[in-house]
Amino acid sequence: FQPKLFKGRTVLVTAGPTFEAIDPVRGLTNRSSGKMGYAVARAAREAGARVVLVSGPTALPAPHGVQRVEVSSAQEMFDAVMTQVGAAQVFIATAAVADWRPAQVHAQKQKKREGEGAPTIALQANPDILAAVAALPQPPFCVGFAAESEKLAEHAAAKRVRKNVPLLVGNLGPDTFGRDDNRLELFDAAGHHPLGSGDKLVLARKLIEEIAARLERAGL
Ligand code: C5P
């Protein structure tokens, strides 16, 4: 592993889940420990980059030397990313962003009332952070992640094109949530090939090497 591959570059990473409040005590969230994203941030730092990690709620400590911006909702994550992205040459979106949020956030805890049925929660779409960054006039090199419960190759390839990103990383583990290991597959314009399986930090370092090679090939 070459330690200074990313010297002089800024890498922006999103990680963890987002939390979408229903009221002061309840909310909707996605399953994500943040481990993969934190490993990516750590690996980018090891490679010499300045790293900004925009993180949803996780139990993880910030990797050494990484600037962490803590957010809760998808909208907060979007705002933090848009504030930071101008300085970044690479954007790696590992966060499990909630696709929807409650259309209305109640200021007080909603009470259960005798005889009343369960409430219906109207949802509205959250912004797609990765797609928005990729659509900027001068986007950084964008890397997305995809976790699918079925037909990964088909969905991941389509997702890469839809979000207009040069590189998409597919999570192949049947249930990688919270685990320290993972199996990853890379999808790009040429097709797809395995990145490997094993410890998330080892995979993150391999991914950083892949990204560095692509930046070099593109003359970036
Ligand atoms: O569409 P889907 O959620 O499967 O796409 C996953 C990829 O897009 C991940 O890289 C994720 O971080 C990013 N994403 C995002 N904002 C969203 C939804 C997904 O940045 N609202």
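Quick caveat, the model's predicted, so the values are computed rather than measured. Each ligand, and each atom within it, is numbered from 1 in the order the structure gives.
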Common cluster, L28/V97, ILVMFWY with side-chain heavy-atom separation under 4.5 Å:
no

Is V85 reachable from V69 through a run of hydrophobic residues whose side-chain heavy atoms are each under 4.5 Å from the next?
yes

For the pair E46 and R42, find out whether any cationic side-chain nitrogen is under 4.0 Å from an anionic carboxylate oxygen.
yes

Are L168 and V161 linked, directly or through other ILVMFWY residues, by side chains that come within less than 4.5 angstrom of each other?
no

Would you say F19 ends up clustered with V105 if hydrophobic residues are merged whenever their side chains have heavy atoms under 4.5 Å apart, either directly or through other cluster members?
no

Single hit among T94, L53, L201 for side-chain contact (heavy atoms from CB on, under 4.5 Å) with Y38:
L53

Please list, by chain and number, the protein residues whose heavy atoms come under 4.0 Å of ligand 1.
A93, T94, A95, V97, P127, D128, I129, L130, G144, F145, K159, K163

